[in-house]
Structures are given as C-alpha cells and as structure tokens.
S.K.: 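Below is one structure. I have some questions about it.
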Amino acid sequence: MDISGLGELDRRIAGCRACPRLVDWREEVARTKRAAFADWTYWGRPVPGFGPPDARLLIVGLAPAAHGGNRTGRMFTGDRSGDVLYQALYDVGLASQPTAVSADDGLELFGVRVTSPVHCAPPANKPTPGERDTCRPWLVQELRLLRPTLRAVVLLGAFGWQAALPAFAEAGWSVPRPRPAFAHGARVALDGIDLFGCFHVSQRNTFTGRLTPEMLRDVLRTAARTAGLPVGPA
C-alpha cells in the first residue's frame with residue numbers, strides 16, 4: 001500500500017467497500033436514521049482517524065458507533081462513549097473543548113490522534129474476526145505514517161488491544177511472544193513506544209463504574225507524560 005501521508009490515507013479509508021456486511025449495515029443505518037437525528041445527513045461511510053499527523057499519543061478504540069461516528073464522520077463524535085473520552089482528554093489538557101458533537105464543531109486535539117482497528121460501524125458493535133483482519137492494513141499504514149513522532153498508545157478494551165498488537169508487528173515493531181494479555185493499567189514497552197491498556201469507554205463500562213472518569217484520566221495522563229506531552233495536574 002503506497003500512501004504518501006495521513007490525508008491520503010484518510011481519503012482512501014473513507015472510500016473503502018471491502019466488507020459487504022459492514023457496507024450494508026452502515027448504509028442502512030444512514031438511510032433509516034434514529035428519530036433523534038432525523039434531520040441529519042448521515043456520513044454512512046468508513047470513519048478515518050482524527051488528530052494531527054505528528055501525534056505523539058495514539059488512542060485506539062473498537063469501531064465507529066452506528067449513530068455516532070457513522071452519523072458525524074468523525075471518530076467518537078456524537079455518542080456517549082465519545083462524550084466520556086473527549087471530556088477526559090479536555091480535563092488533562094489534550095483537547096480544546098470537552099464535547100464532540102459534529103465534524104465541524106471546532107474540536108482540536110493536542111498531540112493526540114484517535115483511530116480504530118475497524119473503520120465501519122458494525123451490527124451490535126461486534127466486527128467479525130474476518131472484518132477486523134480485512135481492515136488491519138489501514139491501521140498498519142497509519143502506524144507507519146505516525147512512527148516518526150509516536151511515543152505512546154492507549155488501547156481501549158480487549159478488542160482494541162488484540163487487534164492492534166498484530167498491526168504493530170506488521171508495521172515493524174517487535175511485539176513480545178506470547179503476546180501480552182489485555183488488562184486495565186497494563187503497560188508494554190515496544191521499540192520506542194509504550195502501549196497502555198484501558199477499559200473501553202463503552203456505556204456498559206462507564207454506567208456500571210467499571211471505568212470511572214478518574215481511571216480514564218489517570219491512564220491518559222500517564223500515557224501523555226510518557227509521550228512527552230504537557231498535561232494538567234492530577
């Protein structure tokens with residue numbers, strides 16, 4: 001895959017139609033919509049990563065939400081998971097505002113990029129292993145393009161962790177064998193970067209208290225400091 005920069009990568013991701021089930025689902029959701037968003041024109045395409053091309057910290061989720069990123073066209077924008085994530089990024093000084101409601105809302109990330117191993121919204125938020133593997137080359141290319149500046153990565157949830165480790169290996173990093181298991185607070189050093197495990201910012205985790213705002217801020221703050229980014233006090 002010969003891609004010159006993240007701008008071109010993002011454009012090519014947005015035009016991908018490799019997984020028939022995901023194409024059908026994302027487009028069906030965009031047609032039928034949710035009543036609360038009846039006046040929206042849904043994005044209805046793969047959602048590329050979001051953040052500067054010289055990011056020192058990368059956050060890797062799972063996949064766009066059907067009525068979040070699939071509606072707005074931007075990662076973690078317009079859904080409850082994004083509300084939690086961007087509030088925490090703002091709290092520690094890595095985002096210009098605490099909310100993310102649309103792709104043109106003015107939100108900026110400081111030294112941080114957000115992406116996912118699957119770029120289309122999947123039914124029931126569950127991509128198949130085949131869909132995950134088909135999407136992996138996009139993540140591999142994104143990692144290669146970010147490598148000159150990338151110093152830390154936060155992997156949200158076991159899916160993000162398990163999907164990302166092979167991508168790091170394919171992108172040229174030496175990943176330990178056997179591959180490290182996911183855990184909240186896990187930290188793994190690769191060549192020049194550190195990986196951090198964090199429970200996903202899903203409603204299931206945040207509503208039950210499995211992941212609290214303080215826990216999320218702690219992981220983000222530690223990862224940002226590891227990456228050499230300025231962050232606010234605890």
Side-chain angles (χ1 to χ4, degrees), residues 3-10 13 48-62 74-76 82 85-96 100 107-117 119 136-177 179-201 211 214-234:
I3 293 177
S4 60
L6 278 170
E8 181 187 350
L9 177 70
D10 291 347
I13 287 172
F50 168 56
D54 60 350
R56 299 180 66 86
L57 170 61
L58 182 67
I59 298 172
V60 180
L62 191 162
R74 195 174 70 189
M75 283 286 173
F76 281 108
L85 177 62
Y86 288 121
Q87 177 71 60
L89 286 168
Y90 176 78
D91 289 343
V92 301
L94 298 175
S96 63
L107 173 65
E108 292 182 66
L109 301 183
F110 306 131
V112 180
R113 185 170 170 88
V114 182
T115 193
S116 63
H119 287 276
R136 182 177 299 143
W138 297 123
L139 180 57
V140 171
Q141 187 64 27
E142 191 167 14
L143 292 172
R144 287 173 174 160
L145 291 169
L146 290 170
R147 186 161 191 162
T149 57
L150 191 61
R151 297 295 177 265
V153 182
V154 173
L155 302 171
L156 298 174
F159 184 96
W161 180 275
Q162 292 160 3
L165 290 180
F168 278 100
E170 193 172 334
W173 276 272
S174 296
V175 177
R177 299 298 300 267
R179 288 176 180 153
F182 170 78
H184 182 84
R187 181 171 181 172
V188 176
L190 302 185
D191 316 320
I193 64 169
D194 283 54
L195 308 182
F196 296 85
C198 179
F199 289 139
H200 195 278
V201 288
L211 178 68
E214 182 179 9
M215 291 166 65
L216 178 58
R217 289 193 298 267
D218 285 347
V219 173
L220 293 175
R221 193 178 287 112
T222 301
R225 287 175 174 153
T226 301
L229 294 172
V231 293

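When a residue number appears, it is its place in the shown sequence, counting from 1. Computed from heavy atoms alone, side chains included, the values below leave out hydrogens, waters and symmetry copies.
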S.K.: Only counting residues at least two apart or in another chain, list the ones meeting side-chain contact (heavy atoms from CB on, under 4.5 Å) with Ala163.
M.R.: Pro117, Arg132, Phe159
S.K.: Can you name the closest pair of heavy atoms from Leu94 and Ala224 and give their distance?
M.R.: CD1-CB, 3.9 Å
S.K.: Is Arg56 reaching over with its side chain to a backbone N or O of Ala227, donor-acceptor style, under 3.5 angstrom?
M.R.: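 Yes, the answer is positive, given that a donor and an acceptor are paired below the 3.5 Å cut-off.
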S.K.: How long is the gap from CG on Leu155 to CZ on Phe196, to the nearest 0.5 Å?
M.R.: 10.5 Å
S.K.: Answer yes or no: does atom CZ of Phe110 have more than 12 heavy-atom neighbours from other residues, nucleotides or ligands under 6.0 Å?
M.R.: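 More than 12 heavy atoms, drawn from other residues, nucleotides or ligands, come within 6.0 Å of this atom.
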S.K.: Sequence neighbours left out, what passes side-chain contact (heavy atoms from CB on, under 4.5 Å) with Pro53? Give chain and number order.
M.R.: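 Result, side-chain contact (heavy atoms from CB on, under 4.5 Å) vs Pro53: Leu6.
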S.K.: List in chain and number order the residues that pass side-chain contact (heavy atoms from CB on, under 4.5 Å) with Ala88, two or more places apart in sequence or in another chain; answer none if no residue qualifies.
M.R.: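 Once residues adjacent in sequence are excluded, the partners of Ala88 under the side-chain contact (heavy atoms from CB on, under 4.5 Å) criterion are Leu216, Arg217, Leu220.
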S.K.: Hey, what's the ring geometry for Trp173 with Phe168, parallel, tilted or perpendicular (30° and 60° as the breaks)?
M.R.: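 Perpendicular: the ring planes of Trp173 and Phe168 meet at over 60°.
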S.K.: Using the test side-chain hydrogen bond (donor to acceptor under 3.5 Å, both in side chains), find all partners of Thr115 that sit at least two apart in sequence or belong to another chain.
M.R.: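 side-chain hydrogen bond (donor to acceptor under 3.5 Å, both in side chains) check on Thr115 returns Glu142.
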S.K.: Can you sort out the partners of Arg151 under side-chain hydrogen bond (donor to acceptor under 3.5 Å, both in side chains), two or more places apart, ordered by chain and number?
M.R.: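 Arg151 satisfies side-chain hydrogen bond (donor to acceptor under 3.5 Å, both in side chains) with no other residue.
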S.K.: Which pairs count as salt bridge (charged side-chain N to carboxylate O under 4.0 Å, His left out) when at least one residue sits in residues 186-199, sequence neighbours excluded?
M.R.: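 Every salt bridge (charged side-chain N to carboxylate O under 4.0 Å, His left out) pair that includes a residue of residues 186-199, provided the two are not neighbours, is Arg187-Asp194.
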S.K.: Can you confirm whether Leu211 sits close enough to His184 that some side-chain heavy atom of one is under 4.5 Å from a side-chain heavy atom of the other?
M.R.: yes
